[in-house]
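Take a look at the structure below.
These values consider heavy atoms only, across backbone and side chains, with no hydrogens, waters or symmetry-generated copies. In what follows, every chain begins at residue 1, and chains take the letters A, B, ... in the order their sequences are listed.
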There are 2 protein chains.
Amino acid sequence: MDSEELRNAGLKVTIPRLKILSLLENSAERHMTAETVYRLLAEGGEVIGLATVYRALAQFEAAGLITRHHFDSGQTVYELERGPHHDHIVCIRCGRVEEFYDKVIEERQREIAASLGFTLSDHALTLYGECNSPDCPGHQG
Amino acid sequence: MDSEELRNAGLKVTIPRLKILSLLENSAERHMTAETVYRLLAEGGEVIGLATVYRALAQFEAAGLITRHHFDSGQTVYELERGPHHDHIVCIRCGRVEEFYDKVIEERQREIAASLGFTLSDHALTLYGECNSPDCPGHQG
DNA sequence: TGCTCAAACGATAATGATTCTCAATATAGA
DNA sequence: TCTATATTGAGAATCATTATCGTTTGAGCA
Ligand SMILES: [Zn+2]
Ligand SMILES: [Zn+2]
Ligand SMILES: [Zn+2]
Ligand SMILES: [Zn+2]
């Protein structure tokens, strides 16, 4: 249950936090900005202060429940931590985000860091390109 | 000469642009924010409006003279385009930035994009870790 | 060299995202 | 239920970046 997750993270169980966590768990789009979280909740009739949304997301991140990405769009994008690590590819036309995991790249990263005298703790890899979805505005056909 | 670069980029040759370009070329630190450019110029006695710095950097980027990065720190970091493509590793303690190029990773990226139905146009790869420089505040020694 | 005019400059206002403030409110535990 | 404390939300504040606009400058030409 979501209440458990919050308690395990050392956070009080409050309505706003439960609503935000639930939204992150149940939305089709896994990657969203704070504004998007705020807007989707509002559209669902759950008006939660924007400041509270930002605070909750920051706390969730500190607790390891969610991760934060900085795509080239500028705004910070949050994503519920579920399953194993993955990286992203973003369509520069329609914004669609797909996920991937590549063992070869992950291994090379460790080797590169070591060879440069760094102890690797994290990485951010995002590919940008044009997708071939029929819904993408630039789609041919 | 820098004037040539500006002319080739279709930009008028002005004092501020020459100063900014020169700073990017001659600084030991190759990666800097707009604020840093502004500050370093000011410290060198060249007071150039911050708006002008931002404008020049945007124009240089559009002309392909410099590239722009979004490290997790938040601020946009600019870097003079010289030599071939490379990615970055950033020390999370002291902020030191090192560059690397890995053919294997570059190739895998193309394969991954293709397999997901994307036409790859760009990518951003940044590793984060702790460096072993004696100057790094976390250095053991 | 001096003239003209669009382009560029710089001070400052505006914007957009995010964080802070603080009085009112809700939660966890006794 | 009662209390002490953490959280909330509205709005102010902040930070990076961009837009505005009157003044200045560079490039081509007489
Ligand atoms: Zn698309
Ligand atoms: Zn993801
Ligand atoms: Zn370091
Ligand atoms: Zn670099």
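- In this structure, CD of A/Glu35 is placed 14 Å from C1' of C/dT19, rounded to the nearest angstrom.
- In this structure, A/Phe71 places its CZ atom 17 Å from P of C/dA17, rounding to the nearest Å.
- A straight line from CG of A/Leu11 to P of D/dT7 spans 7 Å, rounded to a whole angstrom.
- Here the C1' atom of nucleotide C/dC9 and the OH atom of B/Tyr38 are 13 Å apart, to the nearest Å.
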N/O to N/O distances under 3.5 Å, protein versus nucleotides 3-6 of chain D:
from, atom 1, to, atom 2, distance (Å)
D/dA6, O4', A/Lys12, NZ, 3.0

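- Here B/Thr14 does not reach the OP1 or OP2 of C/dA7: none of its side-chain N or O atoms lies under 4.0 Å away.
- Salt-bridge formation is not detected for the pair B/Arg82/B/Glu25: no Lys NZ or Arg NE/NH1/NH2 atom is positioned less than 4.0 Å from an Asp or Glu carboxylate oxygen.
- If you take OH on A/Tyr101 and CD1 on B/Ile112, they are separated by 11.0 Å, rounding to the nearest 0.5 Å.
- Taking the six-membered ring where the residue is Trp, the centroids of B/His85 and B/His123 are separated by under 6.0 Å.
- A salt bridge does not link A/Glu5 with A/Arg7: none of the charged nitrogens is closer than 4.0 Å to a carboxylate oxygen.
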For B/Arg39 and B/Glu43: C-alpha separation, side-chain torsions, deciding distance, then whether salt bridge (Lys or Arg N to Asp or Glu O under 4.0 Å) applies.
CA-CA 6 Å; B/Arg39 183 171 45 73; B/Glu43 287 173 2; 3.4 Å; yes
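- Atom P of nucleotide C/dC9 and atom CD of B/Glu46 are separated by 14 Å, given to the nearest angstrom.
- A heavy atom lying under 4.0 Å from DNA chain C marks none of the residues of residues 18-26 of chain A.
- Counting only heavy atoms from C-beta outward, the side chains of A/Gln75 and A/His70 never approach each other to under 4.5 Å.
- Taking atom CD1 of A/Ile48 as the reference point, atom C1' of D/dT7 lies 12 Å away to the nearest angstrom.
- A/Leu127 and A/Val90 are members of different hydrophobic clusters when ILVMFWY side chains are connected at heavy-atom separations under 4.5 Å.
- Considering B/His69, B/Glu99, B/Arg96 as possible partners of B/His31, the one that fulfils the side chain to side chain donor-acceptor pair (under 3.5 Å) test is B/Glu99.
- For the pair B/Asp72 CG and C/dT18 C1', the interatomic distance rounds to 16 Å; values are reported in whole Å.
- One finds no salt bridge joining B/Glu79 and B/Arg68 here, because no Lys/Arg side-chain nitrogen approaches an Asp/Glu carboxylate oxygen to under 4.0 Å.
- Within residues 49-65 of chain B, the residues approached by DNA chain C to less than 4.0 Å at the level of any non-hydrogen atom are B/Gly49, B/Ala51, B/Thr52, B/Arg55, in residue-number order.
- For the pair A/Leu18/A/Val13, a side-chain contact is recorded, criterion being any heavy-atom separation below 4.5 Å from C-beta on.
- Comparing B/Tyr78 and B/Val13 along DNA chain D, the residue whose closest nucleotide (by nearest heavy atom) sits nearer the 5' end is B/Tyr78.
- Residues B/Glu106 and B/Lys103 are not paired through a salt bridge, judged by the lack of any N-O separation under 4.0 Å between the basic side chain and the carboxylate.
- Summarising the geometry, the separation between CG on B/Leu6 and P on C/dC9 is reported as 10 Å, rounded to the nearest angstrom.
- Contact annotation for A/Thr76: backbone-only contact, meaning every heavy-atom pair under 4.0 Å involves sugar-phosphate atoms and none involves a base.
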